[in-house]
Each structure stands twice: as structure tokens, then as C-alpha cells.
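Below: one structure, written as C-alpha cells.
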There are 2 protein chains.
Amino acid sequence: MVSSKDVAKHAGVSQTTVSRVLNSPEFVKKPTFDKVMKAIHDLNYVPNGHARSLVQNKTETIALLSGPLHNPFFVDTTSAIVHYANEMGYRVNVQFVNDQKLNEAYATAIEHKVDGVILSCILLDDPIFEKLTRMNIPFITYNRKHKNNEYFVEIDNFEAGYLAAKHMIEQGHTAIAWVGGTLTVSTFNNRYLGFLQAIKDHKLSLPEQYIINTDASKQAITHAFHKLMQLEHRPTAICAGADSLALFLIDVAIQENYTVPEDISIIGIDNVDLSSHGSIQLTTVGSISEQNLGYLAIRELIEMIENKKNSCIQITESVKVFHRSTTQKI
Amino acid sequence: MVSSKDVAKHAGVSQTTVSRVLNSPEFVKKPTFDKVMKAIHDLNYVPNGHARSLVQNKTETIALLSGPLHNPFFVDTTSAIVHYANEMGYRVNVQFVNDQKLNEAYATAIEHKVDGVILSCILLDDPIFEKLTRMNIPFITYNRKHKNNEYFVEIDNFEAGYLAAKHMIEQGHTAIAWVGGTLTVSTFNNRYLGFLQAIKDHKLSLPEQYIINTDASKQAITHAFHKLMQLEHRPTAICAGADSLALFLIDVAIQENYTVPEDISIIGIDNVDLSSHGSIQLTTVGSISEQNLGYLAIRELIEMIENKKNSCIQITESVKVFHRSTTQKI
DNA sequence: ACTCAAAATGGTTACGTATTCATTTTTGGT
DNA sequence: ACCAAAAATGAATACGTAACCATTTTGAGT
């Protein structure tokens, strides 16, 4: 591997000068500059980023621990995060993690002394929170948040669940089911609580079988859908805990020869880009703002990194219903 | 920052022993091992990946230069690549590049001495090919390929274009338009040539206005759709150069109150995961194999890295039509 | 021509790890 | 109890860069 020393020898200058040519060329005379540049070109020299990171103790790299891309929410956020970060001169180390392999992912992120970490799937009582704090690594969570209630960007999940149910009620539905994810996740938990509150406020009955909180796999969702539709008094509407779940439900419904919304109304939460596609037109609840959560998160994170500002980030975006075509009056 | 020296001091051993505890614990006695582990834990020591990379000259990192995620093809491939790489113990540095900022992306990838590079959007005569070869960095391209015709994984693009047109012809269409991407890209070019060949083989006429090769932005596609539908003899079918384009076209069509396939049949190429969703059911041409191109590419790349095998990779997957619901007999 | 400040360049070191080689400690056979 | 071999540990060094400080060169003002 050709190093700056090789370049120096080839150009007849010191290694220091080579370094200067690359990092502060204003301090080096034109002729020397040219000599060095020629040598760099002749030898196809490329500086070693690791050596630089080692001595400078910064990496211009951000670690992104995202949920899986088969969830369109993470497609939107990952895209926004990587684009903005690149724009600002940071590289992004992406890992798509499931809750099991979380610790492994944390470890490799920390080993590489990234300038910041952005987490989508932190657990309520995740020890990583304290760890990152103690190591003084800037970080932010989006989508989910930690029980410490700091450094997060989220939508108003309770309100989202509430509005989803309210929307169905306003459409005249009274038999409304809930299909959400694990309640150990702050996001799903709050959305669920919002849903319950709306049901309660409107004095609707909610049979136990109408509530399904499960893992977010396609299999599980398929199973949930079957169970709901085979009930004696089957629901006429389903509030899904996330657009990804809603999209699964719709997929299953269609494949089982139900039509949406004629046979059953379905609403999601998140307002992912895909939901507005002409073929989908998913009714959903999402942030009022144009920017997705990933964008907000990376913007704040880079702000933290560069301004070293310590003011705690707590952003909760307001939400509204986006009424499209997967729900209708009964 | 706490280093292995600090740990050594705290445990009363040499730095060498600390390194050994982490990398070859079988050579260190149980009591020393425990002492060191305790010190590591006490001090919250995390080894510095950059220092390690520097001395070992390997990074366990792969750079992925992918197309943008708003194209569902890259969602599928990115997901497959990152999952497989992580499974095999590699981290993945993802960049979503547009053809303009390609060089910048190359540079940061190379600076960090990644173990391998995987490229989705190489240009036909891209100098990066020679550069990576000269630097002895293993790499592979998927989707597109370089004119050197080496180290790539692709589907049979010509055949895909041919089959798309043939499918429409078999459905009785005679007025078939083409909406593809820039022809400087190997993928689009070959698909287009296949399309042309099918039209020619079946002795159909192809008015000049039926051929639109443009950039793959939503705007451009919207414009293309309008132009086609306003023709005096408007086509009854469109072959799209990729599923992403087909999905855009369908989105536009629906928003303009056309119905697919009643008003117009549309077929894509790639068979992205999304295309089989119940609400979409896009007819498309895709690889016969279950695995997507990203998976094939990363598998080959890691093989190259680990076995240092130099046999040139040239994989072209056969294709077939997946007949769903966006095309119909006329 | 001479002085002195400013500009340009070079020598040396630190960053944190793994590796190589040298040294010390332990073990087992007599 | 002694010795050789094996096991365990340590000291020194390299990796490639940036930063710090020292030195040399340049140039402006007299």
C-alpha cells in the first residue's frame, strides 16, 4: 500500500508537507504543491481514512441502526437519513437490526468510534442509552424512544392511535378491531393506548378478540386477519398499528378475495410514501410536517455533533388523518 | 478515551496480554484472563476498530454504492446485501448515489480501505473499474455492467425486454409503447434492444412517438405518460424499462382517472417484491431464481474476498414473465 | 548588504492496536 | 530436587496519518 511517506520520497519532500498539501494547501508554495500533487497522481496515492481517524479521533461517520427495509417506514427514513448525512459530509454505516441482534450491532457501531449514532429500535429500558451517554457519543432515537425520555424524535403516537379510531368512528363504524405490534415497544404501546382511549371516549364496546398485539411478521399478520374475519361478529374496520401492518393486512385481504374498503375498512399509522401510491391509497395517520422522522433525527444529530449543544432533544410531531381510499362510511 | 494500555495498567499486566485476552484467549491463563476481563468491564473499554484496521490492513467492511431507495429494486437488493453481509460478519457502508456524485462516493469508499465494493450503478466506460482493479480491491457490479464485461451479476436484460414485448403481443396488443431510461446505461439499453427485436420479429409497426427513453424521475415519467396518451393513435400497452417506471406510470394513470389494465396495459421488468402486493399485482419480467441480484452479488463478493479466487464472475440470470393483473387481452 | 519577521518546510511524536521476538514462569519426568 | 521443554507473559515495533515544535528559506525595509 502506498503511503504519504512514499509520496514524500517520490516528490523529494517530507511527509509533513504531503499532509499539508492535502489538508492546508494555503501554507505550501505553488511549486512544491505541484510536485506533491504529481507524485500523488503518479503513485495513485489514496490517504488512509483509518490512520486519520486514529490520530484525529473523528470519523465523519454516523452509525444508523434501522429497522428492516421490508417495512416501508424504514425505507423512507433510511433514504432521508443517508441523503442528508452525505450532503453534510458524513458517511453512514447502516445496519438493519432485529431486536435479537441489537447488542451485536451496538458493539460494532461503538468500536468504530462513529461521530454519532441514530437508532430506530431502541427498547424502553435499553442499557445502550446509558452506555452511549457515558461514552459521550452523540445519539438520537427516532420512531421509538427510551424510558429516560430524552434525545428522541417521534410522532404523537397516542394521538395517532386516537385519531385512527376516531376516524373509523366518524365513518360510522362500531365494530373496530386493533392489530398492532408488541407492547414493549413505546411506539406501539402509545398508539394502542390512544386507540383504547378513543374507543372509551365514544363509549364503544371492544370485545377482547378485537385486540391483537403481535409481532410484525407477515405470517403473524395473516394469522391475525384470519382470526378476526372468522369471528361471529366480525369487525367492519381495522386500525393497524403501523402502515406496514396495514399494507400486510390489505395484501392478505385481497388475496383472500375480500375487497378493501367495501368488505372491511383499514387505516394505518405513519403515512409512508408508499401509502399515497395510486394503487394503494391507504388511509393513514401521519405527521403534519412534510419531513419524515428520519430527516428530523439526522438533522438534530448532526447539529449535536457539530455544535456540541447539549440541550436535550425532545421532538414530538403533531399528526393528522390522511383520508384516502381504504376506509369508507358503513 | 480508554485504551488497552489503560486496561493493562489497571489489571497489572502488559498491553500485549490485554490484546491476547481479546484475540487469542486460549493462550492466557484463567486467573490473568479474569483479571483483564474485570479491568475491561470496570473501565468500559471498547477496542478501537480503526487502530485494528490500520495494523491488520483489513476492515471487515464492504462499501455498497446503491441506487436510490425510492426505486423498489434497490430496496430489495440493499436489504438482501446488508443482511447477508452482516450474517457473514461484515459491516456495510451504504451510499445512495446519483450518477453525478459518483466520483465522490468512490473516493470515500476507497479511502477507508474496505475489503470489497459492490456497485449498482457503474457506467459503461467508468474509470472506477480500472482503478479498483489496479488497487486490488475486490468488487462486483449488479444491475448494470461495465464494458469490460467482467465481475457482474445481472438478469438477461435483452431477453427481459423481448419477453415483455412478446407478452403484450400475445395479449393481442399491436400498439405498444416503450418507456425506458437513459440508453447510456447497459441495463436500459439491452432491455430496449430486446423490446425492439420482439417488435421487429412480430412485424409490428412502431411509431417514433411510441419510444420514450428518459431519466427515471417521477416528473419525467408523468410527462412521458401524458405525451403517449395524447397521441392520435394512442398505445394500448406500455412496456416499462423497469418496475420502478411501471409503478410510476400506474400511479400517474390512476391519478389521471385511467384504469389499469382496462384503459392501458402496463408491464415492468425486475419483479421487485412490491410488485406482487395485492393492491399492485404488477405484471413483470424477472429472474427465474428466487434470490435477488443483490444477494447473488454479495455472495460472490464475499467469496472473492475470502477465497481470493480470481476466476472472473459473469452471472446472467434467466428470466420469465410473471403474469399478474396490470396487463390484459385487448 | 544586513536585519528581522514571516513564510515554508522538516523532524519527531502520538494515536491504539496486533505482531514478533525475547524473557520469565510453570510443568512433568527423572 | 533438578532440568528441559512447554506455557505464559512482556518489551519493542509497525501501521499511516496529523500535530507540534524546530529549523531553514524568503522577502521587505532600511
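Convention: sequence-line order gives letters A, B, ...; per-chain numbering from 1.
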Do [X] and [Y] come close enough that some side-chain heavy atom pair is under 4.5 Å?
| X | Y | answer |
| --- | --- | --- |
| B:Tyr142 | B:Ile298 | no |
| A:Phe33 | A:Lys29 | no |
| A:Val92 | A:Thr61 | no |
| B:Lys113 | A:Met1 | yes |

So if I take residues 19-27 of chain A and measure heavy-atom distances to DNA chain D, which residues fall below 4.0 Å? A:Ser19, A:Asn23

Within residues 30-51 of chain B, the residues having a heavy atom closer than 4.0 Å to DNA chain D are B:Thr32

Give a yes or no on whether the backbone of A:Thr59 and the side-chain of A:Asp115 come within a donor-acceptor separation of less than 3.5 Å. yes

Okay, side chain of A:Ser79, backbone of A:Val75: is any donor-acceptor separation there less than 3.5 Å? no

Close residues, residues 109-117 of chain A, relative to DNA chain C [heavy-atom separation under 4.0 Å]: none

Partners passing salt bridge (charged side-chain N to carboxylate O under 4.0 Å, His left out) against B:Glu87 (at least two apart in sequence or in another chain): A:Lys101

Sidechain N-carboxylate O distance under 4.0 Å for A:Arg52, B:Glu111: yes

Chain B footprint on DNA chain D, 5' to 3' - any atom under 4.0 Å from a heavy atom: D:dA8 to D:dG16

Sequence neighbours left out, what pairs pass ring pair (Phe, Tyr, Trp, His ring centres under 6.0 Å) with at least one residue falling in residues 83-139 of chain B? A:His50-B:His112, B:Tyr84-B:Tyr295, B:Phe129-B:Phe139, B:Phe129-B:His146, B:Phe139-B:Tyr151

Ring pair (Phe, Tyr, Trp, His ring centres under 6.0 Å) contacts touching residues 55-82 of chain A (sequence neighbours left out): none

Relative to the 5' end of DNA chain D, which residue comes earlier, B:Val28 or B:Leu54, by the nucleotide with the nearest heavy atom? B:Val28

Restricting to pairs with a member in residues 40-49 of chain A, which pass side chain to side chain donor-acceptor pair (under 3.5 Å), not counting sequence neighbours? A:Lys38-A:Asp42, A:Asn44-B:Arg134

Applying a 4.0 Å non-hydrogen cut-off, can you work out what [X] is touching in the nucleic acid: base, sugar-phosphate, or nothing?
| X | result |
| --- | --- |
| B:Val18 | nothing |
| A:Thr16 | base |
| B:Val55 | base |

Does A:Asn23 have any side-chain contact (heavy atoms from CB on, under 4.5 Å) partners at least two apart in sequence or in another chain, and if so, which? A:Ser19

Contacts of B:Thr16 meeting side-chain hydrogen bond (donor to acceptor under 3.5 Å, both in side chains) (sequence neighbours excluded), chain-then-number -> none

d(A:Ile137 CD1, A:Met304 CE) to nearest 0.5 Å is 11.5 Å

Output the distance between atom CD1 (A:Ile313) and atom CD (A:Glu303), rounded to the nearest 0.5 Å. 7.5 Å

Looking at B:Cys121 and B:Val97, what are the two nearest heavy atoms and their distance? SG-CG2, 3.3 Å

B:Thr77 and B:Asn292: side-chain donor and acceptor closer than 3.5 Å? no

For the residue pair A:Glu150 / A:Thr133, report whether a side-chain donor-acceptor contact shorter than 3.5 Å exists. no

On DNA chain C, reading 5' to 3', which nucleotide is the first and which the last to sit with an atom under 4.0 Å from a heavy atom of chain A, could you check? C:dA8 to C:dG16

Using five base pairs at each end, measure the axis-to-axis angle across the helix from C:dA1-D:dT30 to C:dT30-D:dA1 and round it to 10 degrees. 30°

